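One structure below.
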Amino acid sequence: MSTQSGIAVAPELVEAFHSLDQPLVVVVNDDSTQLVPDTDFSGAAGASLSAHFDTVHQYAKSTYPSPRYIIIPSEDSGNYIFISFIPDDAHIRQKMLYASTKNTLLSSLGSGKFPKNKTFAWTDLEELTHQYYQRSIGDNDTAGVMTEDERVVSTINRMENLGVGNRQLASMGTQDNLLYPFESSLESAFADFSKQGQVVVFRIDLDREQLALQGSKSAVTPESLVSVLEAHTSDDVQPQYAIYQYTDGNTAFIYSCPSGSKVKQRMLYASFKSGLINHLKQSGIDITKNIEVGDLDELETTQFNPVSDTVKDENKVGLKFNKPRGPRRR
């Protein structure tokens, strides 16, 4: 069985998995044709789960930033912990190969043997520990002391585990089916969103696990939009969402992701965006533009001119390339 990457699962990997009593590290072979057991790794049969994680962590540290798949026997007999460990610092080609082969590996070994709540996509060595694993599965003694980064990773894992089902639920138009609910002030802002020139700015509040209102304003012109969005941006550098009714009945969804924001935050916001837009559409907000920018000063406000869409249709000249921008002043 292969994927778009052309990588297949080697027979010796399947055999090693069927007799597994210790961690198994999986790598792409030298000619990028097969997934094979990493013969440079050795674990200890019968060791505790904590000891397994220690061994895996030390090995991943010695081979960092090379990606690896890691399979560890779970506390539950017959089930396994699966970790797709692809560091941010890995070579981009390696990232692509491993990311595109994950599903093939799982299906070849038997997806039913890897519970959704024990299947992870981790990028940092700090995550590859027994303590972090306990936090990620919601251990009662540790779930309440997660750092912001840990909460982001946990949320991303939950969103990945929900998969297509989550996207289907999000499109049904009930707030209960969103991973994060709206706080009351944001819900009111959406309910009052009915006039041209209105802007609502909001973010994911990880501490309260909800979408929180950053600010709202009426009678905003396209020329003043960027300054309004920046005025509702807090001091910390992180992504944010906004909706802007640029003409009567037409609304733009704007996702801004500043250059200094953390990789995990970018992943979280990008993963949540599609379901959120579907929900807003089902709630009666007509999203006619879906815009994604880096820093807010990259936002081209001319596209909100009432005649811009007509001009665009009449003068199709292909892709537009903007002049490169220098570093943004902080």
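It should be emphasised that the depicted structure is a prediction, and the values quoted were computed from it without experimental measurement.
In terms of heavy-atom proximity, E230 sits nearest to D297 at OE2-N, 4.4 Å. Of all heavy-atom pairs spanning V293 and D295, the tightest one is CG2-O, 4.0 Å. Of all non-hydrogen atoms in H232 and Q214, the two that sit nearest each other are O-NE2, 3.4 Å. In this structure, Q303 and I291 approach most closely via the heavy-atom pair OE1-CD1, 3.4 Å.
Listed by first and then second residue, the salt bridge (charged side-chain N to carboxylate O under 4.0 Å, His left out) pairs that reach into residues 72-92 are E75-K118, D76-K118, sequence neighbours excluded. Residue pairs that meet the ring pair (Phe, Tyr, Trp, His ring centres under 6.0 Å) test with at least one member in residues 85-113, sequence neighbours left out, are Y69-Y98.
The distance from the CG atom of L49 to the OG atom of S74 is 7.0 Å, given to the nearest 0.5 Å. For the atom pair OG1 of T129 and CG of D124, the computed distance is 11.0 Å after rounding to the nearest 0.5 Å. Between atom CD of residue Q94 and atom CD1 of residue I92 there is a gap of 11.5 Å, rounded to the nearest 0.5 Å. Going from atom NZ of K262 over to atom SG of C257 covers 13.0 Å, rounded to the nearest 0.5 Å. With rounding to the nearest 0.5 Å, the separation of OG in S84 from CG in L106 is 8.5 Å. With rounding to the nearest 0.5 Å, the separation of CD1 in I70 from CZ in F82 is 9.0 Å.
Checked against ring-ring contact (aromatic ring centres under 6.0 Å, His included), Y241 has the following partners two or more places apart in sequence or in another chain: F202, F253, Y255, Y269. Not counting sequence neighbours, E126 has no partner by the salt bridge (charged side-chain N to carboxylate O under 4.0 Å, His left out) test. Listed by chain and number, the residues in a side-chain contact (heavy atoms from CB on, under 4.5 Å) with S185 are E183, L213 (sequence neighbours excluded). Every residue meeting the side-chain hydrogen bond (donor to acceptor under 3.5 Å, both in side chains) condition with T288, not counting sequence neighbours, appears here in chain and number order: Y246. For S224, the side-chain hydrogen bond (donor to acceptor under 3.5 Å, both in side chains) criterion is met by T221, not counting sequence neighbours. Applying the ring-ring contact (aromatic ring centres under 6.0 Å, His included) rule to Y244 yields the partners F304; only residues at least two apart in sequence or on another chain are considered. With sequence neighbours excluded, the residues satisfying side-chain contact (heavy atoms from CB on, under 4.5 Å) with S194 are Q198. With sequence neighbours excluded, the residues forming a side-chain contact (heavy atoms from CB on, under 4.5 Å) with T251 are F193, I243, Q245, I285, I287, listed by chain and number.
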Please walk me through it: do Y133 and I83 pass side-chain contact (heavy atoms from CB on, under 4.5 Å)? CA-CA 10 Å; Y133 162 73; I83 302 168; over 6 Å; no
Could you walk me through whether T63 and F41 satisfy the side-chain contact (heavy atoms from CB on, under 4.5 Å) test, starting with their C-alpha distance in whole Å, then the side-chain angles of each, then the deciding distance to 0.1 Å, before giving a yes or no? CA-CA 10 Å; T63 60; F41 172 80; over 6 Å; no
Please list every donor-acceptor pair under 3.5 Å in which a side-chain atom of residues 7-29 meets a protein atom from a residue at least two apart or in another chain.
{"residue": "S19", "atom": "OG", "partner": "E15", "partner atom": "O", "Å": "3.4"}
{"residue": "Q22", "atom": "OE1", "partner": "G43", "partner atom": "N", "Å": "3.3"}
{"residue": "Q22", "atom": "OE1", "partner": "A44", "partner atom": "N", "Å": "3.4"}
{"residue": "N29", "atom": "OD1", "partner": "S32", "partner atom": "N", "Å": "3.1"}
{"residue": "N29", "atom": "OD1", "partner": "T33", "partner atom": "N", "Å": "2.9"}
{"residue": "N29", "atom": "OD1", "partner": "Q34", "partner atom": "N", "Å": "3.1"}
{"residue": "N29", "atom": "ND2", "partner": "D31", "partner atom": "OD1", "Å": "3.0"}
{"residue": "N29", "atom": "ND2", "partner": "T33", "partner atom": "OG1", "Å": "3.1"}

Which donor-acceptor pairs under 3.5 Å do the side chains of residues 50-60 make with protein atoms, sequence neighbours left out?
{"residue": "H52", "atom": "NE2", "partner": "A47", "partner atom": "O", "Å": "3.3"}
{"residue": "T55", "atom": "OG1", "partner": "A51", "partner atom": "O", "Å": "3.0"}
{"residue": "H57", "atom": "ND1", "partner": "L125", "partner atom": "O", "Å": "3.2"}
{"residue": "H57", "atom": "ND1", "partner": "L128", "partner atom": "O", "Å": "3.1"}
{"residue": "Y59", "atom": "OH", "partner": "D38", "partner atom": "OD1", "Å": "3.2"}
{"residue": "Y59", "atom": "OH", "partner": "D38", "partner atom": "OD2", "Å": "2.7"}

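In this structure, the side chains of L211 and F272 come closer than 4.5 Å at one or more pairs of heavy atoms. Here the side chains of I204 and Q238 are not in contact, with every heavy-atom distance at 4.5 Å or above. Using a 4.5 Å heavy-atom cutoff, the side chains of L186 and V200 are in contact. Side-chain contact between E292 and K273 is present, with at least one heavy-atom pair separated by less than 4.5 Å. Between T123 and P87 the shortest side-chain heavy-atom distance does not fall below 4.5 Å.
For F182 and H279, the gap between ring centers is short of 6.0 Å.
More than 12 heavy atoms of other shown residues, nucleotides or ligands fall within 6.0 angstrom of atom NZ in K95.
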